[in-house]
Amino acid sequence: MSPYIVVVLLFSGVIGFAAQVTGLCLVRGVSDWSRGQRLRLLAILSSGFWVYFYMPLAHLDLATLHLAGYGFHWAFLVGGAIFGLGAALNGACSVSTATRLSSGDISMVFTIAGWLLGWLLFDYIDVQFSYSVQDFDNTWLPWVATAGLIAACVAVYWRNQQAWPLWGGIMLVGVLAGAVFLYQPAWSPSDFVRDTGLAIVRRDTAILPGIGRLGILIAMLMGMALGAWRHQRFRWVWPGLHSMGKHLGSGVLMGLGSTLALGGNDFQLLLALPAASSAGLLATLGMLLGIRLGLILIGYKKSAVSMPMPSSKEI
C-alpha cells in the first residue's frame, strides 16, 4: 500500500466534512438558481477545474493525470437528463446522497440500492454504444482556467465575504478531490457501490474495490458524519413504505442515467467537464435540465396537494 494513503485518507475526510457543511449538492444548486441565488451552482460547476492545479506534477512525471474525454453522442444528454430527474425526485445527487446517509437519513440506503438496480438492469439489457474518444488539449486551457478560478476566489472574498465560506468550502472540495484523484481515479462513493455490486453479480473479483478505495469511502463518510454532528444536523430518519419506493425508484433512474452518460454528476463535474469534452458538457447540461424538470414536477405536486378542496355546496 502506498505511503501516501494517510494523506489521501485525511483529504477524503476533509472532503466529506466540507461537502456536509457547505451543502454540496447539484439539486440544491439548481434549486437556489431558480430563486435567484446563483453562487452555489456556479461554485459546484467550476470546482472540478481545480484538477488543473496538479497539471505541473503530470508534466514533471511526478503524477499521472487521466482526464476522460468523449465526443458528441446523444446518450450523454439523455443519460444526464434521466440522472437529473432521478436526483431531483430523490432530493439529492450522488455525493449529497452520501451526506444525507451520514446525517442519519436511512432512506438514502434505498437510493443506493436503486443505483445498483439501475446499473444491473442496464448491464442485463446489454445495450452497447459506440463512444468516440476525444483528446484533451492541455496546452493552454489548464493555465487559463486556473488563473480564472483564482481570480474568481479573490473576487468573491473581496466583494462578498458572507458568501466566502460557501464558495471557499466548495473550492476546497475541488482542490482536495483533484489530489485524491491522482491516487485513485475511481474514488467517489457511487463508483465504489457500482464496482462492488457488479463484482458480486458477475463474480468477478478483478473489479472488486481494494482496501484503499474502502478506506477512502470510510474516511469520507466519517468526515460527513462529523460535519453533521458538528453543525447539529444529525437526525435519524426512518422511511415509510412510500418513501422507500420513491427513493428506490429515484435511485434506479440515477443508475440508468449514469450508465448512459458514463458517470454520475460527481464524475461529470470533477473529471468530464475539466477534460473539456463534448460528452461532459452534454451530460452536465442534461443533468441540469433533468433536475429542473424534476423540481418543477415536485412543485406542481405540492401545489395540487395544498390546493383547498371545494365544498359540497360549491360542487
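Worth knowing before you read on, the calculation uses all heavy atoms, side chains too, and leaves out hydrogens, waters and symmetry mates. On a predicted model such as this, the values are computed, not experimentally measured, just so you know.
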* Within the side chain of Tyr52, is there an N or O that forms a donor-acceptor pair under 3.5 Å with the backbone of Pro274? -> yes
* Donor-acceptor pair, Arg100 side chain versus Gly91 backbone, under 3.5 Å? -> yes
* Under 3.5 Å, is there a donor-acceptor pair between the side chain of Thr284 and the main chain of Leu281? -> no
* Asked: Going by the side chain to side chain donor-acceptor pair (under 3.5 Å) test, which pairs reach into residues 83-97, not counting sequence neighbours?
  -> Asn90-Thr97, Asn90-Thr111, Asn90-His247, Ser94-Asn265
* Asked: Any donor-acceptor pair under 3.5 Å linking the side chain of Ser46 with the backbone of Ala43?
  -> yes
* Asked: Which of parallel (below 30°), tilted (30 to 60°) and perpendicular (above 60°) describes Tyr70 and Tyr131?
  -> perpendicular
* Compute the ring centroids of Phe181 and Tyr54, then answer whether they are less than 6.0 Å apart. => no
* To do: Provide the closest heavy-atom pair for Phe110 versus Pro239 in the form atom of the first, atom of the second, distance.
  => CE1-CG, 3.9 Å
* About how many Å separate CG of Leu45 and CZ of Arg38, when rounded to the nearest 0.5 Å? -> 13.0 Å
* To do: Mind listing the closest non-hydrogen atom pair of Leu176 and Val14 along with its distance?
  => CD1-CG1, 3.4 Å
* **Separation between CG of Leu101 and CD1 of Ile106, rounded to the nearest 0.5 Å** => 6.0 Å
* **Rounded distance [0.5 Å steps], NZ in Lys246 versus CG in Leu241** => 13.5 Å
* **Residues that, via side-chain heavy atoms closer than 4.5 angstrom, fall in one hydrophobic cluster with Trp229** => Phe17, Val21, Leu226
* Given the rule in the side-chain contact (heavy atoms from CB on, under 4.5 Å) test, do Leu253 and Phe83 qualify, once you have shown the distances and angles that lead to the verdict? -> CA-CA 6 Å; Leu253 290 176; Phe83 177 93; over 6 Å; no
* Structure fact -> Contacts satisfying side chain to side chain donor-acceptor pair (under 3.5 Å) that involve residues 9-25 (not counting sequence neighbours) are Gln20-Ser103
* Should we count CZ of Phe53 as having more than 12 external heavy atoms under 6.0 Å? -> no
* If you measure from CH2 on Trp33 to CG on Leu41, what distance do you get to the nearest 0.5 Å? -> 6.0 Å
* Is there a donor-acceptor contact under 3.5 Å from the side chain of Gln184 to the main chain of Ile216? -> no
* Structure fact -> Exactly one of Leu248, Val193, Leu117 clears side chain to side chain contact (heavy atoms under 4.5 Å, CB included) with Ile112, and that residue is Val193
* Asked: Any salt bridge (charged side-chain N to carboxylate O under 4.0 Å, His left out) pairs touching residues 217-235, not counting sequence neighbours?
  -> none
* Shortest non-hydrogen separation from Gly48 to Leu270 and the atoms involved -> CA-CD2, 3.7 Å
* To do: Mind listing the closest non-hydrogen atom pair of Ile298 and Ala88 along with its distance?
  => CD1-O, 3.4 Å
* Straight-line distance of Leu26 CG to Ile291 CD1, nearest 0.5 Å -> 4.0 Å
* For Met244, look at atom CE and say whether over 12 heavy atoms of other residues, nucleotides or ligands are found less than 6.0 Å away. => yes
* To do: Can you run down the side chain to side chain donor-acceptor pair (under 3.5 Å) pairs that involve residues 213-222, sequence neighbours left out, and say none if there aren't any?
  => Asp195-Arg213
* To do: Please indicate whether Arg35 has more than 12 foreign heavy atoms, meaning atoms of other residues, nucleotides or ligands, lying under 6.0 Å from its CZ.
  => yes
* Output the distance between atom CG (Leu271) and atom CG (Leu262), rounded to the nearest 0.5 Å. => 12.0 Å
* Is a side-chain donor-acceptor pair under 3.5 Å present for Ser107 with Trp238? -> no
* Asked: Going by heavy atoms in the side chains, are Phe122 and Leu260 under 4.5 Å from each other?
  -> yes
* Hey, is the main chain of Trp143 close enough, under 3.5 Å, to the side chain of Thr146 for a donor-acceptor pair? -> no
* Asked: Looking only at atom types and distance, does a side-chain atom of Ser31 sit under 3.5 Å from a main-chain N or O of Val27, one as donor and one as acceptor?
  -> no
* Between Trp236 and Phe234, does the ring centre distance come in under 6.0 Å? -> yes
* To do: For residues 161-172, pull every pair meeting side chain to side chain donor-acceptor pair (under 3.5 Å), keeping only residues two or more places apart or in separate chains.
  => none
